[in-house]
Every structure is written in C-alpha cells, then in structure tokens.
Amino acid sequence: MVKNNYEIALRRYHFFLYFRIIMENKVRAILDSLNDEQGKAVQCTEGPVLIVAGAGSGKTRVLTSRVAYLLAQGVEPDRVLALTFTKKAAGEMKERIALMVGGYKARRVVMGTFHSVFVRFLRDWAGPLGYPQQFTIYDQSDSTAAVKAAIKELNLDDTVYKPRDVLSRISSAKNNLITVGAYRADRGAIQADTYSKKPRIVDVYERYQQKLRQSGVMDFDDILVNMNILLRDNPQALQSIASRFSYIMVDEYQDTNYAQYLIIKKLAQGHRNICVVGDDSQSIYAFRGAQIQNILNFKKDYPECRLFRLERNYRSTPNIVEAANSVIEHNAGRIPKKCYAQGDPGEKLKLIRAFTEQDEAMEIVSAIQKRMRSDGAAYQDFAILYRTNAQSRALEEQLRRRNIPYVVYSGNSFFERAEVKDMLSYFKLVVNPLDEESFKRVVNKPARAIGDTSVKALIAAALAHGTSLFRAAFLDDLEQFGLRSAAVLKIRAFCAMIDSLHQKVSSTGAYDLAREIADKSGLYALYKEDTSIEGQARFANVEELVNSVASFEEDCREEAEGAEDIFTLDDFLENVSLLSNVDIVDEEDTNNKVALMTVHSAKGLEFPYVFVSGMEENLFPSQNMLLSQKDIEEERRLFYVAITRAGKAVSLSYAGTRMRNGRHESNSPSRFLREIDSQYLDRPLEDDSFGVSGAFGSGGGFGRSGFAQSAHPSHRERWAPPAHVAAGGYARPPKPSSESRRPEAARSPISSVPAQSKPAYTPDPDFEPLPMSEFRVGQRIEHNRFGPGEILDITGKIPELKARVRFDKLGEKLLLLKYAKMRLEK
DNA sequence: AAAGCGGTACTTTTT
DNA sequence: GTACCGCTTT
C-alpha cells in the first residue's frame with residue numbers, strides 16, 4: 001500500500017517532469033524565433049505593458065507569441081482576451097497561435113474585433129439594456145438612411161442637413177460617449193452646429209436614437225456606447241464580464257477611440273494585466289474618433305507600465321525604412337523611436353510621372369510585368385494602393401486590358417449590390433421584425449401592391465404611436481392615417497409571413513432558413529425570372545449570398561468540432577454586418593492576383609512590391625485635409641503606412657491630369673514626395689513637374705492667346721494641359737510660387753500661410769470667361785438629344801458655365817456645358 | 001404602381 | 001461620368 005502510494009507519487013512526479021520538459025520546449029520554441037526586445041515583451045505578462053511597434057517590426061509575431069506563452073504557462077485560453085481591428089487580423093493570429101499551441105487551445109482564446117466581441121456580450125445583456133436579444137446591426141448605409149428618415153420626420157431640409165454629415169456628427173458624439181442629453185447641454189457642440197447652420201442636429205440625433213431603439217437595432221457606434229453603459233450601470237454585468245478575463249491584449253491601440261479606451265480600462269481595472277500594441281506613426285482613423293492620445297497617454301493611466309520598443313524592421317529594405325522615416329519626421333509629437341532595417345539597402349524608391357491617370361495605370365502595369373520577368377515575382381506579390389476608392393477604376397481598366405488578374409478590396413462590391421441588400425434585408429427583418437429600414441426596403445419587393453402611399457401612412461401611424469412599422473401594422477386605428485382596409489390586409493399578410501419565418505430563427509439552421517426566406521419572400525423567383533444579362537447576374541449574386549450562408553454554417557461547425565450547436569441566421573448576420581473591407585475578399589480570391597486597395601485598408605498588410613498611385617496635391621494629401629496641421633499630419637501618417645507596406649520596392653506615381661467628378665483636374669505632385677529625403681529616391685523630383693511650368697514650357701506658351709490652340713481636342717489628348725488650362729482656361733499661368741520651391745514652406749504651409757496653400761491660381765476678374773472646351777458664341781453644334789443648334793451666349797462662372805443654345809427644332813435651351821452632350825457641327 | 005426622365009450631388013478614409 | 005432622388009407619365 002505504502003509502496004503503491006509511493007509509486008503513484010513517483011509516477012506523478014515523472015509525469016510532471018515530462019510535462020515540464022514539453023512545456024519548456026514549447027516555451028523555448030516560442031522564444032527562439034524572437035529578438036531580445038520581442039522576447040522581453042512576450043515574457044512580461046504581468047501588469048500593464050505598452051509595446052510601441054514600428055511598421056514591420058514583428059508586432060503580430062509578438063502578440064501571438066505572447067498569447068502562446070501565456071497558454072504555455074498554464075493560463076486558461078478563455079481567460080485571455082485579444083482585440084483587433086479586423087476579423088482578418090484576428091483570424092491570422094488565431095492560426096499562428098494554433099501552430100504554436102494547437103488548435104484546441106487557440107480556438108478558445110477570446111479573439112476578435114472590438115465590435116464582434118462586444119456584440120456577444122451585449123446579446124447576453126440585451127434585456128437589461130432594453131434591446132431584443134436578437135437585435136440586429138445597422139451598417140453605414142442603413143444608418144444614413146435612418147438619419148435621413150429622421151431628418152424628414154423633423155421637417156428639416158436634407159440638402160442643408162446632409163444625412164452623411166449629420167451622421168458623422170452623431171457618430172463622433174457617440175464615440176466620445178456624448179448622449180443626446182449631454183449633447184444638448186454641451187454649449188460648444190451646439191454653438192458649432194449653429195455656426196454651421198445646422199442648429200437642430202441634436203434633434204436629429206434624438207430622433208435617430210429613438211428610431212434605432214424602436215427598431216431593436218444598434219449602429220456600429222451603439223455597440224461601443226452600450227457596452228460602456230452596461231459596464232457603468234450594471235455592476236453585475238461588469239463583474240461577470242470583467243472577471244472572465246485575466247489578460248487583455250489590444251492591437252492597433254493608436255486607433256482606439258474614447259469609447260473603446262474606456263471599455264478596455266474598465267475591463268482591465270481589476271488585474272491590470274493589459275498589454276497594448278501600437279504605433280503612433282500609424283494612427284490613421286481620427287476621422288472615426290480614434291485618439292492618438294490613448295497611446296501617448298498610456299503611461300498616465302498606468303504609471304507602473306513597462307514600455308517596449310520594437311524598432312527593427314524585418315519587412316522592408318533599409319532604403320524603404322529610411323525613406324519612410326524621413327517622411328514621418330515632419331510630424332511633431334511622436335513617441336521617440338528610431339526604426340531601422342539591416343542588410344542590403346535595396347532599391348531606391350521609384351518615382352513615376354504620367355500625363356493622365358490612364359497613363360499612370362499603364363506605367364504601373366508595365367512595371368509589374370517587367371518586375372515579374374526580372375525578379376520572377378508572382379501577381380500576389382504586388383499591391384497598388386490609392387487614397388480614394390474611385391481611383392481603382394483606371395487601374396482596373398489597364399489591368400484588364402493586359403489580362404492581369406487582380407482583386408479589389410473594397411466594401412462597395414458584393415454587399416452593396418441592390419439584390420444582395422434586398423436579400424440581406426429580408427434576413428434582417430426575419431431575425432428582427434422591428435427593423436424599420438429593412439422593413440421599408442423589402443415590404444413591396446417583389447411588388448405586393450403596397451405602395452409609397454401606404455408605407456407613408458404606416459410610418460405616420462408608427463410615429464404617432466411611437467412604435468415600429470411591424471407593430472404598427474397591427475394597430476386598429478390605421479384608417480385614421482389614410483390606410484385603406486385592402487392595404488392594411490396586404491401589409492398584415494406581409495407581416496404574418498415575416499413573423500412565421502421569425503418563429504423559426506432559433507430552431508432552424510441558417511442555410512435552411514435562408515433558402516426558405518428566399519422562396520417565401522418571392523425574391524428568389526423575382527430574380528430568377530429575369531433572363532436579361534444583368535438579371536442573370538443579379539440572380540447569381542442572390543445565389544452566391546445564399547450559398548455563403550451555407551459555407552458560413554460549415555465553417556462554424558468545423559470550428560465547433562462536432563459540438564451539436566446549430567448555427568442560425570442571426571449568427572450569420574452578425575458576422576456579415578461586422579466584416580471589414582479586407583475581410584470580404586475570399587482567401588482563394590487573392591491567389592495569384594494583384595491587390596488593389598485604399599491605403600487605409602492596407603494597414604497591417606504587407607507586399608513585396610507596392611505602388612502608391614495618385615501622389616498629387618488635393619488627392620494625397622486629400623483636399624479635405626489641407627485645412628489644419630492636425631489633419632495634414634494624419635495624411636502624412638497615412639503615407640507612412642503606404643510606404644511601409646512594402647518589402648522590396650516602392651513606386652510612387654502621379655499624373656498631370658485626372659478625371660474627377662466628370663472633370664479634368666490638374667494638381668502638382670504631392671508635397672509628401674518632396675518630404676522624402678532625396679537620397680532614397682531614384683531620381684530627383686522636378687521642382688516644376690506639373691501644373692506649374694517647365695514640363696510644358698513655362699509662361700508664354702499658355703497665355704491668353706495660346707489657350708485657343710492648346711485647347712484643341714487633338715492637342716489635349718496628347719498633351720495633358722497644365723493646371724491653369726484644365727482649370728478653365730481663364731486663370732493666369734501661375735508664377736512659380738515660392739511655396740513649391742522651399743522645402744521649409746512645404747512642411748508647414750498650412751499653419752503659417754493658409755491663404756497661399758489652397759488656390760494656386762488667382763482668377764483674373766477682368767478677363768472674359770471662355771468655355772473650357774472648344775465651344776464659342778455663334779458656333780453651330782449638335783446635341784445628342786436636342787439635335788443641331790447654335791450657341792447664342794455663354795454665361796456663368798467655371799465650373800458652372802452655361803450655354804444658351806437655340807436648337808433648330810426645339811428653340812432655346814440653357815445647358816450646363818460640363819454635362820451637355822454636344823459637339824461642334826461637322 | 002412602375003418606369004423613365006431630368007436634375008443634383010458626388011469621392012476621403014471604415015468598424 | 002454615375003448614382004440617386006423626385007417628378008412625371010403610362
């Protein structure tokens with residue numbers, strides 16, 4: 001007996017030793033792949049930790065290793081919370097952790113985006129917060145539509161109260177946890193709104209919130225606001241949620257806003273094991289409330305915190321890193337750090353100068369093909385980045401022309417299609433019948449003889465009773481709002497259909513229910529019967545959406561490893577609503593394809609070869625960002641992000657003219673190009689490349705008399721005109737301004753001389769306006785629709801030039817030249 | 001009630 | 001140049 005016990009104890013001890021050796025091996029394996037500083041950061045698990053991680057410094061490696069290290073120390077996976085900005089980032093980290101500690105443990109780590117993790121908690125506490133358990137989430141376009149509806153209900157002019165602007169105002173209020181009441185009490189905010197001639201924004205805010213409430217819906221910001229409310233007002237919830245975790249990690253901390261900051265603070269206040277990772281130089285989301293202060297002030301909140309700096313860049317060549325450094329040094333108030341790379345300095349950054357955006361695109365495509373031959377690179381090694389989504393067009397055209405496979409990372413592709421939105425609205429409405437925007441969208445799709453008039457009356461009834469459209473449908477005083485009994489019956493039939501589907505949500509698999517909705521709603525049949533080419537494409541999209549429900553369900557089952565959960569449509573919706581641009585693209589879709597995306601979307605990604613296109617003033621930096629020094633610094637960080645995506649080579653391109661909003665625009669090369677230390681560029685940037693002088697001959701050639709010839713169409717096609725021609729032709733050729741010559745001035749032109757920074761060209765008030773094109777008074781023209789005629793006179797200011805035309809058949813008409821489809825008569 | 005037209009605004013970035 | 005809105009027409 002004694003011996004037996006002894007043996008057991010010995011065995012246990014052996015097992016313990018054995019176990020320890022395995023663990024030590026695991027730990028060693030984890031730490032072996034790290035440099036000194038990374039290793040320290042990984043092992044410093046207790047207490048607050050700030051990791052300032054430069055671009056390409058192995059930030060993800062540190063984060064994943066740190067989680068793996070914690071698990072190897074015996075920490076239970078579900079006590080670790082890791083927050084990221086995109087699902088893609090979270091997914092990749094999970095995969096890497098799984099490689100280190102196995103999938104079983106890795107999957108149990110609570111890892112996801114702020115929004116998706118918090119939504120889970122909010123579901124558990126939906127009741128106390130006054131939401132239905134199956135609340136749904138409004139995306140940007142739903143929110144905008146709801147704001148618009150709120151504006152209309154308040155009888156405000158939606159051309160003054162532009163829904164997008166109002167929403168962004170409301171959004172920043174929410175991101176700073178300013179409720180409607182606090183907003184009303186905030187004299188500064190009210191004054192600002194009054195000053196911008198929109199004093200009733202706060203009323204719209206109030207109405208908008210009411211609508212969301214009645215609809216049982218949260219917008220993106222509400223997820224954060226409600227999380228804060230929950231943690232503030234519900235001690236039980238705070239206790240339950242905060243005590244679940246003993247370690248918290250936050251990625252991209254520089255991009256957190258106040259609401260997120262406060263949630264993290266509350267969750268960490270017990271154990272203070274909070275590790276945040278970020279790079280102040282890569283803070284690019286101020287427009288959605290991100291506060292760079294959060295990372296700068298981390299030390300103030302956690303005085304005992306340890307700081308680790310990851311300064312060695314493993315991604316990029318020294319030339320790229322130094323070029324990026326030289327740019328970011330133009331910003332004030334950064335966390336001091338010196339990023340560096342070792343090894344072969346690599347190629348210098350390449351400048352590409354083109355006449356038009358098409359030329360620019362061609363140059364880029366040629367460079368890609370050349371590079372593939374010289375370096376044996378594959379398509380997926382390339383990324384083309386740009387400031388605005390609209391710029392992808394010209395690039396796509398050229399890529400298609402040369403049969404180069406590419407993938408565009410952008411939100412407005414699949415999920416923005418009308419037919420997909422219709423189907424999704426049905427899904428949302430079935431999950432949450434109170435959802436007003438979804439209700440309005442699909443109530444008469446396919447046609448059920450429930451027209452605008454009926455819907456308007458129903459809205460009035462809902463408004464009067466302070467309830468949702470769905471509930472309003474069953475009121476018994478609907479006649480008072482002008483609804484005929486036939487219409488009421490049809491509406492109620494629709495609601496009954498939705499309700500019967502709604503009953504099945506929690507008991508039916510997502511895919512089965514999706515199919516049933518597609519059938520019962522009649523949407524499937526509606527799209528199927530349209531046999532036109534576009535109709536077939538629409539049908540295919542609806543099919544694809546429904547199929548994606550199936551693959552979602554499969555993914556979930558795989559993840560759950562046979563646990564007998566059923567995955568329902570509300571799970572699917574939640575997942576879809578919180579996808580980011582980079583999440584939407586299928587992994588298989590990126591195989592051997594050139595990637596196109598905005599610089600914002602590119603954050604966190606890397607490619608061997610990066611092209612940054614549209615390096616022009618007013619585009620990058622954006623013209624909307626030229627007003628304040630703060631904004632310029634954010635644009636500069638954005639440019640920094642762009643450059644540091646590259647491993648081997650960076651090409652920066654700019655065009656002399658490009659089409660924007662249907663007009664040709666000319667801009668000089670971006671100031672950021674001038675900010676790159678010239679020793680890292682393959683050639684010096686011409687001081688006077690575009691829009692100023694030089695390239696097209698200075699001054700004389702484009703005077704008043706010179707304009708008539710240069711504006712001839714054939715001439716214009718070959719030679720991109722400098723700015724003063726494209727801008728309308730009546731401005732003087734600018735004198736080479738001192739601003740473009742002096743780098744010091746270029747660094748801070750805004751704060752010192754705001755007047756000079758914007759209009760590079762002063763219009764001559766005495767000069768008679770000429771049309772920007774070939775049209776003259778007295779000329780005969782031919783209009784696409786109105787036929788032949790004669791130009792009587794031309795009035796108005798650029799760009800609103802109007803031509804009075806007497807048409808031979810139709811008489812006089814006033815046409816806006818920039819839109820009129822007419823040409824000189826042959 | 002749907003389709004078709006003309007007018008208007010739009011392009012900064014996104015969870 | 002396009003997407004969207006609201007008005008008009010059938």
Side-chain angles (χ1 to χ4, degrees), chain A residues 83-90 112-119 137-141 143-145 148 152 158-159 162-165 167-168 171 174-175 218-224 252 255-257 259-260 283-290 385-394 409-412 416 418 444-455 487 576-584 597-603 614 618-626 631 634-635 637-639 641-642 658-665 785 799-800 813-816 818-821:
Chain A
L83 298 169
T84 63
F85 263 77
T86 64
K87 288 199 185 216
K88 188 180 181 186
T113 65
F114 282 89
H115 294 263
S116 59
V117 169
F118 295 161
V119 160
I137 297 160
Y138 271 181
D139 66 16
Q140 182 106 337
S141 68
S143 299
T144 311
K148 187 170 184 173
K152 292 237 162 115
D158 71 353
T159 57
K162 291 182 187 151
R164 280 178 54 138
D165 294 352
L167 178 62
S168 111
S171 172
K174 290 191 189 181
N175 284 325
M218 295 188 197
D219 68 8
F220 287 139
D221 304 315
D222 285 333
I223 294 171
L224 304 178
E252 308 280 16
D255 284 324
T256 51
N257 59 38
Q260 290 165 322
S283 164
I284 56 173
Y285 282 107
F287 70 90
R288 81 178 197 219
L385 309 182
Y386 34 78
R387 179 64 178 79
T388 67
N389 280 305
Q391 286 166 254
S392 74
R393 202 192 176 110
Y409 291 66
S410 88
N412 51 347
E416 301 278 307
N444 199 29
K445 196 167 286 184
R448 297 186 175 88
I450 304 171
D452 270 355
T453 333
S454 307
V455 175
V576 163
S577 307
L578 299 172
L579 287 179
S580 74
N581 277 351
V582 289
D583 296 325
I584 288 171
M597 69 188 88
T598 63
V599 183
H600 281 93
S601 299
K603 194 171 73 151
N618 298 324
L619 187 58
F620 198 0
S622 159
Q623 56 193 344
N624 305 303
M625 293 273 117
L626 295 175
D631 289 341
E634 172 137 328
E635 292 284 296
R637 291 191 292 270
L638 192 57
F639 182 50
V641 167
R658 76 173 61 234
M659 192 76 131
R660 270 222 277 177
N661 303 343
R663 333 198 316 104
H664 292 284
E665 262 185 25
R785 293 200 316 120
E800 310 294 307
K813 281 191 189 302
L814 203 58
L815 302 171
L816 258 182
K818 66 173 172 177
Y819 297 115
K821 287 183 180 162

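Chain A is the first sequence line, chain B the second, and so forth, proteins listed ahead of strands; every chain is numbered from 1.
Helical stems in DNA chain B, defined as runs of 3 or more consecutive Watson-Crick or G-U wobble pairs with donor-acceptor distances under 3.5 Å: B:1-10 with C:1-10.
The separation between Asp222(A) atom CG and dT15(B) atom C1' is 13 Å, rounded to whole Å. Note: CD (Gln391(A)) to C1' (dG1(C)) measures 16 Å, nearest angstrom. Computed from coordinates, the Glu252(A) CD to dT13(B) C1' distance equals 15 Å when rounded to whole Å. One atom, CZ of Arg663(A), and another, P of dT2(C), lie 17 Å apart when rounded to the nearest Å. Remark: C1' of dT11(B) and CZ of Arg660(A) are 7 Å apart, rounded to the nearest angstrom. Following rounding to the nearest Å, Ile450(A) (CD1) and dA2(B) (C1') show an atom-to-atom distance of 15 Å. Here dT15(B) presents its C1' atom at 10 Å from CD1 of Ile137(A), a figure rounded to the nearest Å. The nearest whole Å value for the distance from the CG atom in Leu579(A) to the P atom in dT14(B) is 14 Å.
For Asn661(A), whose side chain is taken as the heavy atoms from C-beta onward, the closest listed nucleotide among dC10(B), dT12(B), dT15(B) is dC10(B). The side chain of Thr388(A) lies closest to dT12(B), out of dT12(B), dA2(B), dT14(B).
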Subject >> Residues Phe287(A), His600(A); criterion ring-ring contact (aromatic ring centres under 6.0 Å, His included); working and verdict >> reply: CA-CA 12 Å; Phe287(A) 70 90; His600(A) 281 93; 5.6 Å; yes
**OP:** Could you check Ser143(A) against Gln140(A) for side-chain hydrogen bond (donor to acceptor under 3.5 Å, both in side chains), going step by step and ending with a plain yes or no?
**Re:** CA-CA 5 Å; Ser143(A) 299; Gln140(A) 182 106 337; over 6 Å; no
**OP:** Report the C-alpha distance between Asp583(A) and Lys88(A) in whole Å, list the side-chain angles of each, state the deciding distance to 0.1 Å, and finish with yes or no for salt bridge (charged side-chain N to carboxylate O under 4.0 Å, His left out).
**Re:** CA-CA 6 Å; Asp583(A) 296 325; Lys88(A) 188 180 181 186; over 6 Å; no
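In this structure, the separation between CZ on Phe639(A) and CG on Leu385(A) is 10.5 Å, given to the nearest 0.5 Å. The CE atom of Met218(A) sits 10.0 Å away from the NZ atom of Lys174(A) when rounded to the nearest 0.5 Å.
A sub-4.0 Å separation between OP1 or OP2 of dT12(B) and a side-chain N or O of Asn624(A) is present. Dashed line: the shortest gap from a side-chain N or O of Lys162(A) to OP1 or OP2 of dC10(B) is under 4.0 Å. Of the side-chain N and O atoms in Asn389(A), one or more sit less than 4.0 angstrom from OP1 or OP2 of dT14(B). Look at Lys152(A) and you'll find a side-chain N or O under 4.0 angstrom from OP1 or OP2 of dG6(C). Distances shown here put a side-chain N or O of Asn444(A) below 4.0 Å from the OP1 or OP2 atom of dA2(B). An OP1 or OP2 oxygen of dT15(B) is reached within less than 4.0 angstrom by no side-chain nitrogen or oxygen of Ser116(A). Of the side-chain N and O atoms in Arg164(A), one or more sit less than 4.0 angstrom from OP1 or OP2 of dT11(B). For the OP1/OP2 pair of dT14(B) and a distance below 4.0 Å, the side-chain nitrogens and oxygens of Ser601(A) include at least one atom meeting the criterion.
Scanning all heavy atoms of the two residues, the minimum distance from Arg658(A) to Gly614(A) falls at NH2-CA, 3.3 Å.
Looking at Arg660(A), its side chain never comes within 3.5 Å of a backbone N or O of Glu665(A) through a donor-acceptor pair.
Shown here are the side-chain hydrogen bond (donor to acceptor under 3.5 Å, both in side chains) partners of Thr453(A), two or more places apart in sequence or in another chain: there are none.
dT13(B) and dC4(C) have their P atoms separated by 15 Å, given to the nearest Å.
Between Ala390(A) and Ser577(A), the one whose closest nucleotide on DNA chain B sits nearer the 5' end is Ala390(A). Positionally, the nearest nucleotide of DNA chain B for Gly451(A) lies more toward the 5' end than for the other of Gly451(A) and Thr86(A).
No hydrogens or angles considered: nothing links the side chains of Asp139(A) and Ser577(A) as a donor-acceptor pair under 3.5 Å.
Phe85(A) comes within contact range of the sugar-phosphate backbone alone, with a heavy-atom separation under 4.0 Å but no base atom that close. When heavy atoms are screened at a 4.0 angstrom cut-off, Gln140(A) is found touching base atoms of the nucleic acid. Contacts of Lys148(A) with the nucleic acid, taken as non-hydrogen atoms under 4.0 Å apart, involve only primed sugar atoms and P, OP1 or OP2.
Put simply, Phe114(A) does not rest on the base of dT15(B): the two rings are not both less than 5.5 Å apart at their centres and under 30° in tilt.
Contact annotation: side chain of Arg387(A) to base of dT13(B), donor-acceptor pair present below 3.5 Å.
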